[in-house]
2 protein chains.
Amino acid sequence: MSGSRPFANALELLRDAGLRPTRQRLALARLLFDRGDRHVTAEQLHGEAIAAAVPVSLATVYNTLHQLVGAGLLREVVVNPGRSYFDTNVSDHHHFFLEESGRLLDIPGDRIDVSNVPAPPAGTAIRRVDVVIRIGREAD
Amino acid sequence: MSGSRPFANALELLRDAGLRPTRQRLALARLLFDRGDRHVTAEQLHGEAIAAAVPVSLATVYNTLHQLVGAGLLREVVVNPGRSYFDTNVSDHHHFFLEESGRLLDIPGDRIDVSNVPAPPAGTAIRRVDVVIRIGREAD
DNA sequence: TGCCTTCTTTAGAACGGCTCTAATCTGTTG
DNA sequence: CAACAGATTAGAGCCGTTCTAAAGAAGGCA
Ligand SMILES: [Mn+2]
Ligand SMILES: [Mn+2]
Ligand SMILES: [Zn+2]
Ligand SMILES: [Zn+2]
């Protein structure tokens, strides 16, 4: 039983990323990847780990998040100055950002067309196209 | 002579925004608006003012930048965690972001089509659509 | 199994951008 | 010019994030 979903197994996921499956990384990987797509901040994830009785320092949470970004298993989303979100959805997609609550909602990549993009300056190449749609309570 | 461009005059610009034209605000407004479109950080602008022998505190630079944003004369662009850019171009447009140098380049709003955008969640309205195209040295 | 090496974790200090405080100063109005 | 409201300031404080260096854990190999 189990083992059918991609990355169903935190241990395998870490091994494949070349990261030792330590107690802390296993717990964090499970919190991140066991429940569908998530957009979490480092402090949120740290709070969840502590609540789940997994003692882990904030430094380790940051280390692990950055290592997972480096391994392509997580992506960093910037919508606000002074706080990063980490996105477990690494497919091509965009975001609604709810300014009041600070929540991010996925928009599938094929639900938005960004077309007619000018060529980037000579010698440079496009790394990523981020569309952030900022939304708020109706009728401002 | 002069007076033909919109906001050719810092004094008038501040008065129209309901801000007292103090020595500091006049100098900052001139640095911001006298040379075409700019994308500056608070520290950059502070450095320019000091270099121009206009003694002004960093707190005043932040106060002024936020007041100008509030007056719709400036817009805040978020591309990086931990640092805000202030954009003197308040027309509808988007950005290239050069990750290596931290520079922003304007893309006119009509040079990009963002179409097929899903409706925002019930009770919310779109405040702004930001497209950031992250670019880097060719062939990563 | 124990030993050794390397990688990882950690507490706490440090950092950087930004904001706040409360005292001083300046622009404006009459 | 006096009086007041609004603006500026130095410096402290805040908060998310990163760094440091010391202690701990994982894995390879006898
Ligand atoms: Mn980061
Ligand atoms: Mn701000
Ligand atoms: Zn997402
Ligand atoms: Zn711009």
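Protein chains get the first letters and strands the later ones, always in sequence-line order, with residue 1 at the start of each. FYI, side chains are in, hydrogens and waters are out, and symmetry mates aren't considered; it's all heavy atoms of this structure.
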Q) Got a sec, which residues hit side chain to side chain contact (heavy atoms under 4.5 Å, CB included) with A/Val90, two or more places apart in sequence or on another chain? A) A/Arg75
Q | d(CG, B/Leu28; C1', D/dA7) in whole Å | A | 13 Å
Q: Quick one: list whatever passes side chain to side chain contact (heavy atoms under 4.5 Å, CB included) with A/Arg23, sequence neighbours left out.
A: none
Q) Rounded to the nearest Å, what distance is computed from the CG atom of residue B/Leu19 to the P atom of nucleotide D/dG6? A) 12 Å
Q.
Please enumerate all residues that pass side chain to side chain contact (heavy atoms under 4.5 Å, CB included) together with A/Thr41, with sequence neighbours excluded.
A. A/Glu43, A/Gln44, A/Arg83, A/Tyr85
Q.
Which residues pass the side chain to side chain contact (heavy atoms under 4.5 Å, CB included) test with A/Asn116, not counting sequence neighbours?
A. B/Arg111, B/Asp113
Q | In one Ile/Leu/Val/Met/Phe/Trp/Tyr side-chain cluster, 4.5 Å: A/Ile126, A/Val77 | A | no
Q. Who pairs with B/Arg38 by salt bridge (Lys or Arg N to Asp or Glu O under 4.0 Å), at least two apart in sequence or on another chain?
A. B/Glu48
Q) Starting at CG of A/Asn80 and ending at C1' of D/dC15, how long is that distance when rounded to a whole Å? A) 13 Å
**Q.** Residue pairs, two or more places apart or on separate chains, that pass salt bridge (Lys or Arg N to Asp or Glu O under 4.0 Å) and touch residues 92-108 of chain A
**A.** A/Glu99-A/Arg134, A/Glu99-B/Arg127, A/Glu100-B/Arg127
Q. For B/Gln44 and C/dG16, what is the distance between atoms CD and P respectively, to the nearest whole Å?
A. 17 Å
Q) Side-chain N or O of B/Gln24 less than 4.0 angstrom from OP1 or OP2 on C/dT26? A) no
Q) How long is the line joining CG of A/Asn63 and C1' of D/dC19, in whole Å? A) 10 Å
Q. In whole angstroms, how far is the C1' atom of D/dT17 from the CD atom of A/Glu43?
A. 9 Å
Q: Look at the side-chain heavy atoms of Ile, Leu, Val, Met, Phe, Trp and Tyr, link any pair under 4.5 Å apart, and say whether A/Leu45 and A/Leu26 land in one connected group.
A: yes
Q) Would you say A/His66 reaches D/dT17's phosphate, i.e. side-chain N/O to OP1/OP2 under 4.0 Å? A) no
Q.
How many whole angstroms separate atom OH of A/Tyr85 from atom C1' of D/dG16?
A. 13 Å
Q: Under 4.0 Å from any atom of DNA chain D, heavy atoms only: list the residues of residues 48-61 of chain A that qualify, in numerical order.
A: A/Leu58, A/Ala59
Q) In B/S/- notation, 5' to 3', how is nucleotides 22-30 of chain D contacted by protein heavy atoms closer than 4.0 Å? A) ----BS---
Tabulate below the donor-acceptor pairs under 3.5 Å that side-chain atoms of residues 54-63 of chain B make, not counting sequence neighbours, or state none.
residue : atom : partner : partner atom : Å
B/Ser57 : OG   : B/Thr60 : N            : 3.2
B/Ser57 : OG   : B/Thr60 : OG1          : 3.2
B/Asn63 : ND2  : B/Ala59 : O            : 3.3

**Q.** Short side-chain N/O contact to C/dC18 OP1/OP2 from B/Tyr62, under 4.0 Å
**A.** yes
Q. Does a side-chain N or O from B/Arg25 land closer than 4.0 Å to OP1 or OP2 of D/dA7, or not?
A. yes
Q: Establish, with yes or no, whether the OP1 or OP2 oxygen of D/dG16 is under 4.0 angstrom from a side-chain nitrogen or oxygen of A/His46.
A: no
